[in-house]
Each structure stands twice: as structure tokens, then as C-alpha cells.
Amino acid sequence: MAQNKPIPCPECDREKYYEGFCYYCKNRKLRELYEFMSVNEVQEKINNIVANIETINQLEEIYQDFRRLLAYQDIDTEEIANAAFQKRIFNPPTLYRNASEEVQNKLIALLSAPDCKEANDILNCLAVIGSEKIKEYFYELEKSTLPWRERLHATPSVYAESGGWTLDGSGKVVELNYKECYALTKEDRKDNAVKVGEALAETCSVCKCRTVNILTINGNDERLSFLGLNGTIKIPVCPNCANMCEKAIIRYQLDGESTFEIIDPYTNENYVSDREIARLAASNFVLSQTRKPVYYACGDDELSTIGGHPEWVQNCHYEKCPDCHKKMKLLSALEWSQLLDGEGVLYIEICTDCSVIAVIHQQT
Ligand SMILES: [Zn+2]
Ligand SMILES: [Zn+2]
Ligand SMILES: [Zn+2]
């Protein structure tokens, strides 16, 4: 018989139409399982991945173990990269994050062959490694005319973006990700490092929705010193337009004053109720007490983060700063479902030279 009465989740009471934990609690438990593994358990898992590396493309046990260990245990992937290279496996590119110099050289040698068939995959692997040598090599490649270049959809500096860096026109390296990562979690404790979803008095000029400071960051908090922000920045958005539009541009000052502009509004209809805004404003997000792995947002649990590598819902996308035209750096990625009804991720990118922020939303 069809089950059509909602069943509450035994952990969080969220209603759904199947037995057991809800989607969110299931993913949280998976994260905790991997986060609390002992050093020995982690090494056993790594050994198992190395021994069975050829099954990683089946996207089953070995693949899931790998991405969860990377996200939640920040594993060193050197041994895994050795095994993957021996079998000529280049996916996912993060297998190669900590590849030895020897493997890096071999990847470069493969790519330097005029008829390299795997150029696309190898460029992604090298982008993830992102060593000084690779950055120099990409600059050389950018100018080269190897025959396989014609089959690629993008230049090497665009491939580099998937590894969190790129090259500007003069070959200078531009970092697109911070090397530290903290999570934003809903917890019952006081913490003034961040504030999420503070409701503002103003309404949006496009859709009349109540606006919010989607994120307030206290750059003087010790944990956030890696951002290099000597003050407090507020990131005001219209939550309705943010969910609909391509992007918003925010100009901030370090005293908390900010203005925002919505680029190319899609509709002037408002789908976000005052009740939802009030719920968001009452949610108590805090900054994690400890630093998290840089790929923390790339596991099963849909987590909001500051710094680190984001999980892109669609293709990776770094905005160009509207003032200096350099690529902007990923400041934060917020899981929409943790904020308001709806889905996807809100990506917040920053140019600290120009005090400009771009906010973009992606969903499947
Ligand atoms: Zn639940
Ligand atoms: Zn709006
Ligand atoms: Zn700029």
C-alpha cells in the first residue's frame, strides 16, 4: 500500500514519506562517521582505495570513501595519486591533490605530447595540484600551440580555475580560494565572528521583498584573520532576487556600511514571505570553533562555509571584479536550504583591493 501519511524524522521531526532518518540527518551522520574515524581507520581506508583504485569510476564504495576522506579528514593523497597514475585514472582530479613531484612530471610529460588524448582530464588534475612548477607550466601552455589545444573548450588558465587559481593576462597567479576553511553551523552558543540573515528595514527596489544582511563577517576575530579584513563587513542582499537573478554587486566598507545593486533582475515578483525572513533572522549560525579541511563543503553534508573550496552546483564560476577586472576570490558558500525555502548554493566572491563583493546563486 502506498505510504501517503508523512513520517517525522526520528532526529529532527522533519516530515517525509519514507521510514528512517531524513536526507539532512542521514548526511550529517555520514559526515560524523568519517570525521570521528581514528588515524588507523583512515589509513586502512586509504590502503583499500589504493588497492582498488580501478573501481573508482564506478562511483561506488571506493569513490565515496575517497571524497568523504578528502572532505572530512583532509587526507594526503600522494599514495592514491601514485596508484591512480599507474592505472592512468584521472578522475576525479582531486585524486592528484598531493601528487609527488615524480607524478607531476609524468603528467606534464603526457600533456606535452602533441597527440595527448587525455589533455582535458590531465589539465584538471594539474590544476588541482597547483604547485609553483605547474603554475609556470600553465603560463607556457597558455602561449603554446600544441595540436590538442584545438580540441579543448578553454585555455589552460580557465582549467586552472577548477583548482582554485588562475593566471591574469601577464601570467601573474591569482588565487581564487582561501587556504583555510571554517563551517557555519546552527548552534546554541554565543559567537560574534559571523552573523547570518539579519533582517533590514529596507525593502528591495526591484521586488519589494524585505532585504537582509545575508552575512556579516567580523574580520577581527582571530579565526578569520586569514581573510585579511581589518573590520566588519556586511553583505546585504534581496533574498528573493538573490534566488532569481544572475548576480548582485555589493560595495562594502570595513565599518559595516554597504550598498548593493542587482544586476539584470529576472522578475519583480516576490516569492519570499516575511515569515521566512523572520525565521532566517532568528536562526543562530555560528562559526565553527576549529578550522575544517579545505574541501569540507564537498562531502555529503550540505554545509555553509567561509573560505576553502566550494562544491559547485554547476560549473565553477569566478566573477570578474567590476572595478579592476581581476577574478574575484571565493569568500563564502551558503547552502540555500539552510537559509530559506528553496535549494542551491549562494556563492559570495570578493575583491579586497576594490572592496567589492559579487553574489551569485546556482541550482540544479
Ligand atoms: Zn532529520
Ligand atoms: Zn528583490
Ligand atoms: Zn577589484
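Each ligand, and each atom within it, is numbered from 1 in the order the structure gives. Fair warning: this is a prediction, and the values are worked out from it, not measured in the lab.
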field: Pair Gln64-Tyr34, side-chain donor/acceptor within less than 3.5 Å
entry: no
field: Donor-acceptor pair between Thr185 and Glu187 side chains, under 3.5 angstrom
entry: yes
query: Do Tyr318 and Trp165 have ring centres separated by under 6.0 Å?
result: no
query: Given Leu227 and Ile350, is the side-chain contact (heavy atoms from CB on, under 4.5 Å) satisfied, shown in steps?
result: CA-CA 10 Å; Leu227 298 173; Ile350 189 167; over 6 Å; no
- request: Could you tell me how the ring of Phe85 sits relative to the ring of Phe90: parallel (under 30°), tilted (30 to 60°) or perpendicular (over 60°)?
  value: perpendicular
- request: Determine how many protein N/O/S atoms sit closer than 2.8 Å to the Zn ion (ligand 3), leaving waters out since they are not shown.
  value: 4
- prompt: Between Asn120 and Tyr159, does any side-chain donor sit less than 3.5 Å from a side-chain acceptor?
  reply: yes
- line: For the Zn ion (ligand 1), angle spanned by Cys12 SG and Cys9 SG (nearest 10°) is 110°
statement: The SG(Cys204)-the Zn ion (ligand 2)-SG(Cys238) angle, to 10°, is 110°
query: N/O/S of Cys209 less than 2.8 Å from the Zn ion (ligand 2)?
result: no
message: A cation-pi test, strictly: NZ or CZ of Lys135 under 6.0 Å from the centre of the six-membered ring of Tyr139 and no more than 45 degrees from its axis. Yes or no?
response: no
query: What's the SG-the Zn ion (ligand 2)-SG angle here (Cys241, Cys207), rounded to 10 degrees?
result: 110°
- request: Just to the nearest 10 degrees, tell me the angle at the Zn ion (ligand 1) spanned by Cys25 SG and Cys22 SG.
  value: 110°
query: Do Glu269 side-chain atoms and Cys207 backbone N/O form a donor-acceptor pair below 3.5 Å?
result: no
